[in-house]
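Note sheet for the following structure.
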Amino acid sequence: MAKTRVVTLDLKFQNKTQAIASYLIRHSSGAVLVESGPGSCHAGLLAGLAAQGLSPRDITHVLLTHIHLDHAGAAGWWSEQGAEIIVHPVGAPHMLNPEKLLASAARIYGDKMDSLWGEFLPVNGSRLRVVQDAEEIVIGELRFVALNTPGHAEHHYAYLFENLCFTGDVGGVRIPGYPYLRAPMPPPELHLEKWHESLARLRKQKLAYIAPTHFGIYDDPEWHLNEVEKGLDSAARWLEQVMPGDPPIDELRESFTEWMVEEGVESGLSEDVMRSYELANPPGMSADGLYRYWKKVKMASQ
Ligand SMILES: [Zn+2]
């Protein structure tokens with residue numbers, strides 16, 4: 001039973017519950033984390049482990065869905081504690097030498113970089129393990145399968161664990177208690193067509209549970225994946241409407257943010273939950289991602 005083995009650790013990102021998760025699975029000689037979370041959530045993660053009776057030395061492996069800071073920021077620290085860090089081949093060089101990754105994040109987050117994300121240490125090369133698409137990852141009695149799932153980012157894996165799938169960000173953002181999802185669409189690699197293909201691949205897996213990093217484990221994977229698809233489609237329609245006017249990026253950010261607020265109000269989200277969505281997935285960032293996708297992918301293909 002996959003679901004009963006997985007413990008959801010709430011990293012309490014920016015003192016907010018249900019924004020960023022790290023998933024814990026015990027095995028015969030330690031435990032695995034899916035996602036390290038960012039460096040800024042270090043205390044939250046260690047407290048979560050302590051509540052489970054575990055210390056950092058018990059973590060043998062950390063599986064990263066992708067290298068965005070909210071998912072992989074603390075991986076370097078975990079490698080120094082002795083954990084093996086498992087990552088997509090395209091993400092691996094950035095975990096060894098994070099300068100470019102951090103410079104591009106600094107362009108998005110500016111002077112909030114440190115307070116949002118904390119320290120990002122390079123991963124110790126001897127602890128980094130690159131896995132290939134469809135590769136089975138065997139850890140004690142546990143079996144995971146890496147599924148290449150680009151769209152949100154080029155270097156994205158979802159991990160199958162029996163009938164449960166850890167979907168990182170390709171499975172969207174969903175806060176417990178509301179029948180509502182959002183697809184996080186950051187620059188620079190957002191690609192809506194690839195994202196659709198990745199969702200189609202996930203649908204083929206006969207899942208009973210889906211576990212996005214933002215946030216929790218759900219037992220309605222089909223509905224969930226349909227909603228992500230709808231979100232991508234409505235973003236594509238929105239782009240088709242606004243982009244022919246060639247709006248400046250500031251204007252685009254503003255109108256996208258307004259659109260997200262309207263959608264949230266229509267869906268009956270409380271202010272608190274809206275804040276969780278914004279933390280996990282800043283609307284301005286998705287506007288930037290869509291803008292770049294439009295210029296780089298859509299226009300280039302015409
Ligand atoms: Zn991401």
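Numbering of residues begins at 1 and proceeds along the displayed sequence. Read the numbers this way: they start at 1 and go in the same order the structure lists the ligands and their atoms.
Remark: Glu136 CD is packed, more than 12 non-hydrogen atoms of other residues, nucleotides or ligands lying under 6.0 Å away. Within 6.0 Å of the CD atom in Glu141, the count of heavy atoms belonging to other residues, nucleotides or ligands exceeds 12.
Among residues two or more places apart in sequence or in another chain, the salt bridge (charged side-chain N to carboxylate O under 4.0 Å, His left out) test is passed with Arg174 by Asp220. The salt bridge (charged side-chain N to carboxylate O under 4.0 Å, His left out) check on Arg275 picks up nothing, with sequence neighbours excluded.
Under a 3.5 Å cut-off, the side chain of Thr149 and the backbone N or O of His156 do form a donor-acceptor pair.
Distances shorter than 2.8 Å separate the Zn ion (ligand 1) from the protein N/O/S atoms His66 NE2, His68 ND1, His152 NE2, Asp169 OD2.
Clustering of Ile, Leu, Val, Met, Phe, Trp and Tyr by side-chain heavy atoms under 4.5 Å joins Val173 with Ile175, Tyr178, Tyr180, Val261, Val265, Leu269, Val273, Met274, Tyr277.
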